[in-house]
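Accompanying notes for the structure given below.
Numbered from 1 within each chain, the chains take letters A, B, ... in sequence-line order.
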Protein chains: 2
Amino acid sequence: MPKQSTLATTESVDDYLKAILELGGAEASQVTTNALAGRLGIRTPSVTGMLQKLALQRPSLVVYEKHRGVRLTAAGKRRAWELVRHHRLLELFLHDVLKYSWDEVHEEAERLEHFISERFEDRVAAILGDPEIDPHGHVIPQKYEAGVLRDEVPLARWPLGTPATISSVSDRSAAALRELERLGLMPGVALTVERRNAAGSHSIRLGAHTEPIRVSSDLAACVLVAAPVTALS
Amino acid sequence: MPKQSTLATTESVDDYLKAILELGGAEASQVTTNALAGRLGIRTPSVTGMLQKLALQRPSLVVYEKHRGVRLTAAGKRRAWELVRHHRLLELFLHDVLKYSWDEVHEEAERLEHFISERFEDRVAAILGDPEIDPHGHVIPQKYEAGVLRDEVPLARWPLGTPATISSVSDRSAAALRELERLGLMPGVALTVERRNAAGSHSIRLGAHTEPIRVSSDLAACVLVAAPVTALS
DNA sequence: AGCCAATATTAGGCATACCTAATATTACAT
DNA sequence: ATGTAATATTAGGTATGCCTAATATTGGCT
């Protein structure tokens, strides 16, 4: 049986761990107190206090350097990835089985992810056929494993005129998700960025359409793209 | 839109409300501090403190009488019945959709009942076809309504020789549920109590079986029965 | 090097929900 | 009516997780 996270964590601790994982990104950069406070919607003294507490625990979930930021330990990463897996499985389950729309699933998954058992996780995964992708195109980590990284970049950095496929979209803003759906900007969709203006607005041509659509910089910021998958790969 | 409970309650408060509802029974008897402490697994000073706090809230969830016990107010009953509905819907959902066995569902439902949204509740009810009964034979209250009472009595009080049908079984002991299943003592099953001995053990004949089975008093305590439903009713 | 705004920490506090120890009340038996 | 065991409350405490106010530190600009 693969070794798994055995520490009991509270909801708040879980939220900190996930936030550190997400803010730290692929390189697991140190995450600042201010960034965490912003992400979690709480004050910086509260963040400092919690990080100091977490750093003192044994085994420790974080490595905390005063004024310099925080990183997850191996144990912290395991729990954080477990929560990400729970979250993404729940999102897919809410969408495919309970027929939620894709802009409704995030909030409910954010709440439930802390409370489901391993049994529940396994049953949901079994019913969904051990899926690899959630409704927003995010990779669902394998059980007991860290997430994998994909060659996806923000739409804002994709070269003009070069074909791309939408890899994933952020699940954090329900309003943004509704607008993305309305415009047809969903995972798997092929597109080409034709123009960007000074304000960051994008002119984008979708698939076989001839008329480009206008996408605001805020909305573009929610989209990650990748090179199209060729038939040979 | 039916008026619903608008107070935000914590998990602990929810647990108190449900415990008071269940211990108070059909007549909504006053529930003692000691009974609540036993049911919730905490000390009596903690119960006293919480009941005093709940009684002071506006609108109040309980009516508390020092040394005499506690009852739910209308608002307290509404929230308590809502949790019962959540619990029973979740149990059926875990059983029918996620393929949990009937002895596994209680613990998971006990945890999740606090956190599901109204949306989740509605989707689950829709998928299950607005069911009326949970896997243990308990009535699932209608949304926004109190539970209904049925003419069911403990097996220990059913007259000898009189045909009965199992109405519901307690969901609190997983071991008891496994034993009940092994013996075939499940909701809907017809039976006749042939004999009781001084220790409370029952000799029971099931359905068309000719050989009676032996049921301990503890196990019998988990079973509620009713007169068989005739073809005319 | 010095200034200053932003970031971050420290100190003290509040609310929630439980604990133990000490004390008060109740109800039952005699 | 009295005694006593069980029930229940009061008083003070701990842990968790957030808050504000005051203070310290950092990094960028001049």
Given [options], the nucleotide with the shortest approach to the side chain of [X]:
| X | options | value |
| --- | --- | --- |
| A/T33 | C/dA8, C/dT26, D/dT10 | C/dA8 |
| A/T32 | C/dA17, C/dA8, D/dG17 | C/dA8 |
| B/T10 | C/dA8, C/dT16, D/dT20 | C/dT16 |
| B/H67 | D/dC18, C/dA11, C/dT26 | C/dT26 |
| B/K53 | D/dT26, C/dT16, D/dA8 | C/dT16 |

message: Looking at A/H106, is its backbone amide N or carbonyl O close enough to the side chain of A/Y100 to form a donor-acceptor pair, meaning the two atoms are under 3.5 Å apart?
response: no

query: So A/F115 and B/F115, would you call those rings parallel, tilted or perpendicular, with 30° and 60° as cut-offs?
result: parallel

query: What is the nucleic acid contact for B/T44, judged by heavy atoms within less than 4.0 Å: base, sugar-phosphate only, or nothing?
result: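 Base: the residue B/T44, judged by heavy atoms under 4.0 Å, touches a nucleobase.
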
- request: Looking at every strand, decide which applies to B/S46 at a 4.0 Å heavy-atom threshold: base, sugar-phosphate, or nothing.
  value: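 Base: the residue B/S46, judged by heavy atoms under 4.0 Å, touches a nucleobase.
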
query: Just checking, is any N or O donor in the side chain of A/H114 or A/E11 under 3.5 Å from an acceptor N or O on the other one?
result: no

[X] side-chain N/O to [N] phosphate OP1/OP2 under 4.0 Å:
| X | N | result |
| --- | --- | --- |
| A/K66 | C/dT10 | yes |
| A/Y16 | D/dT16 | no |
| B/S12 | C/dT16 | no |
| A/T48 | C/dT10 | no |
| B/Q52 | D/dA8 | no |

query: When the nearest nucleotide of DNA chain C is assigned to B/M50 and to B/R43 on a heavy-atom basis, which residue is associated with the more 5' position?
result: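 Counting from the 5' end, the first nearest nucleotide belongs to B/M50.
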
query: For the pair made of CD in B/E65 and P in D/dA8, what is the distance, rounded to whole Å?
result: 12 Å

